[in-house]
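All values below come from the heavy atoms of this structure, side chains included, with hydrogens, waters and symmetry mates left out. Convention: sequence-line order gives letters A, B, ...; per-chain numbering from 1.
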Number of protein chains: 2
Amino acid sequence: MTDTQEWVERFPGLSRLEPHIKKLLLARSAIIAVPGGVTLFGPGNSPENMLFLLDGTVRVQQVSDTGHEIVLYRIHAGESCVLTTACLLAYENYAAEGISETAVQAAAVPRDVFDDLVAQSKSFRDFVFAAFSKRITDLFLMIDEVAFQRIDVRLADKLLRLCDGQDVVATTHQKLSVELGTAREVISRQLQEFQRRGWIEQARGSVTILDRAHLERLADHSA
Amino acid sequence: MTDTQEWVERFPGLSRLEPHIKKLLLARSAIIAVPGGVTLFGPGNSPENMLFLLDGTVRVQQVSDTGHEIVLYRIHAGESCVLTTACLLAYENYAAEGISETAVQAAAVPRDVFDDLVAQSKSFRDFVFAAFSKRITDLFLMIDEVAFQRIDVRLADKLLRLCDGQDVVATTHQKLSVELGTAREVISRQLQEFQRRGWIEQARGSVTILDRAHLERLADHSA
DNA sequence: GCGCGCTTGGTGACAATATCACCGAAGTCT
DNA sequence: AGACTTCGGTGATATTGTCACCAAGCGCGC
C-alpha cells in the first residue's frame, strides 16, 4: 500500500506544479482502490473521472469485430489515463477497454476539475500534452511493429519487457498471442524454436529465460 | 483559392469560440500557402507553429528502420495538425513526416498563442481534446486493421476512399502498397484478381472502378 | 480416490501474405 | 535513337495465419 498523502509529488510531471494547483488537485480528487482483473473502462462503461495511477498497472486492449484481441499499451504508476478517458468520453462506442492487471490505487479527478486545471496551470497543460504526445508516438511505433516486424523479434522483445528483471514470465501462449495480436499457434511454434536453441525453457503457464543475451540480440536486431 | 477572411468560421469546432478568442486567433495567426509535395514537418524539421488547414490535404506517413513505409493518416481542410506538431515538439527524433498532397493553405498559430488559447477558452480546449481523441481512436482502428484485416478487404476499402466520388483513382501499385503498409507485389496480385472479377480496370498509373457495389461489399465485409 | 470439464499446449494441412530475384514494357530526357 | 527511370508482372520460396483436431494437466465436485 502506498502513502497517498501528497500523491502529486510522486508524478514526475506534476511535482513542479504551482503550489495552489497542487492543493486544488489534492483537495478535489479521491483516492480509489480496485483489485486486479477489473474492467475500469470499456464499451458502455465510460468513467466520469480522469485517473492518475499511484500503484499497479492498467492494460488497455482492444477486441476487433473479427474476435481478435490485441494489447495496445499499459499505464503504469506515475502515469495517467487522461487520453483513454478522453477518448471514451468523446467516442462512446469504440472497442478499447482498460483492465487492472494488478491491484490498483489511483487518484480520481472529476472532469470539470480536470478542465479547470488545464485552464489555470501551464505546468499541468504541459503534463497533459506530453502524455498525449508520448502515447501517440508510441502508437506510431506500434503500427510500425505490427506492420513490418518479424514475429520472432517481437516475441523476444515482449518476453524481455514482461519479465521485469525476473527470469520467469508467468503467462500463457494465449496471453502472449494477444500481446502481439497474433495466433496462439504462432506463439507456440516460436517458443518451441527458442527452446530448441536453448534460449528459454517452457512449463505450463510460464516461460523461463535462460539466455537473455541472445533474446536481446534478436529483439534489438531492428527494433 | 479560399477566402481567408474569418477562416475560423470554417472550422466546425472553432466557430463556436467566444468572440474575443476568435479575434485573438485571427490577429495572432498568419496565413501560409505551400505547393503540393512539400515536407511540412518531419525528422529534423519540427515546425514552430500549429497549423489549421484551410485548403488541401496533408499526408502523414512513417518510414521504419527496415525501410518500409506506411501512411498513418491524412489531415483535411477544417482539421488541425495540433497533435502531430505536439508530438514533434515533444519527441524530436521520430520517423513520421507530413507532406502536402495538394497545394495547401493553412493558418499558422505560434506555440505560445496556442497555449494562451487553451488556457483562456473552454471551447478551444474542447476542440483540441476532441482532435486528439479522434486521432487516437483512429489509430486504434488502424492497428486493428493492420493486425487483423485481410489485405483484399483493406485494398478495396482504400480504393473506395481514394476515389473521392470519381471512378478513376490516379495512383501506382507502389503508392497503394505504402497506403496499406504492404509490398507492391501483393497489391499487383490483388488488383489482378479484382480485374479478373471485372470489378476494376487497370492502366499504367491508374485504377478505374467498374463495379463499386462489389468492392463495397468486400470492404464492408468486416470493417 | 475418481470422473468431468476446462485450460493449456501440440500438430499437420493448408491459405494468405511477404520476400527475393528477376524481367519486360512504357514513359522521359537528351 | 539510346540511356535511364518508373511501372508493373512473375515464379520460387519463406513466413505467418487459419482450421481442425488431439492430448496432457489441472481444478472441482462427489
field: Contact list for DNA chain D against residues 166-176 of chain B - heavy-atom distance below 4.0 Å
entry: B/Thr172, B/His173
task: Strictly below 4.0 Å, heavy-atom distances to any atom of DNA chain D: list the hits from residues 193-207 of chain B, or just say none.
output: B/Ala203, B/Arg204, B/Gly205
Parallel, tilted or perpendicular: ring planes of B/Phe11 versus B/Trp7, cut at 30 and 60 degrees: perpendicular
- prompt: With under 30° as parallel and over 60° as perpendicular, where do the rings of A/Tyr73 and B/Phe140 fit, or are they tilted in between?
  reply: tilted
message: Measuring to OP1 and OP2 of D/dG8, would you say a side-chain N or O of B/Gln192 lies under 4.0 angstrom away?
response: no
query: Roughly how far, to the nearest 0.5 Å, is the CG atom of A/Asp152 from the CZ atom of A/Arg189?
result: 14.5 Å
- line: CD of A/Glu201 to CG of A/Asp211, rounded to nearest 0.5 Å, is 12.5 Å
Could you work out, with side-chain contact (heavy atoms from CB on, under 4.5 Å) as the rule, every residue matching [X], not counting sequence neighbours?
X        : answer
B/Ser100 : B/Val34, B/Val38, B/Leu40, B/Val104
A/Ala183 : A/Glu185, A/Val186
A/Arg212 : A/Leu160, A/Cys163, A/Asp167, A/Ile209, A/Glu216
B/Asp126 : B/Lys122

query: B/Arg74 and B/Glu179: salt bridge (charged side-chain N to carboxylate O under 4.0 Å, His left out), yes or no, with the steps?
result: CA-CA 11 Å; B/Arg74 287 182 166 75; B/Glu179 291 285 338; 2.5 Å; yes
- line: Terminal axes of the helix from C/dG1-D/dC30 to C/dT30-D/dA1 (5 end pairs apiece), angle rounded to 10 degrees, sit apart by 30°
query: What string of B, S and - do you get for nucleotides 12-20 of chain D, 5' to 3', when a contact is any protein heavy atom under 4.0 Å?
result: B--SSBBBB
task: Name all residues meeting the side-chain hydrogen bond (donor to acceptor under 3.5 Å, both in side chains) criterion together with B/Arg59; count only those two or more places apart in sequence or in a different chain, and write none if there are none.
output: B/Gln61, B/Glu101
query: By side-chain hydrogen bond (donor to acceptor under 3.5 Å, both in side chains), which residues pair with A/Thr182, not counting sequence neighbours?
result: none
query: Among pairs that include at least one residue of residues 148-173 of chain A, which meet ring-ring contact (aromatic ring centres under 6.0 Å, His included), considering only residues two or more places apart or in two chains?
result: A/Phe148-B/His68
field: Bounds of contact between DNA chain C and chain A, in 5' to 3' order, using a heavy-atom cut-off under 4.0 Å
entry: C/dT7 to C/dA13
Main-chain N/O of [Y] paired with [X] side-chain donor or acceptor, under 3.5 Å:
X        : Y        : answer
A/Ser29  : A/Val109 : no
B/Gln190 : B/Leu155 : no
B/Arg154 : B/Gln149 : no

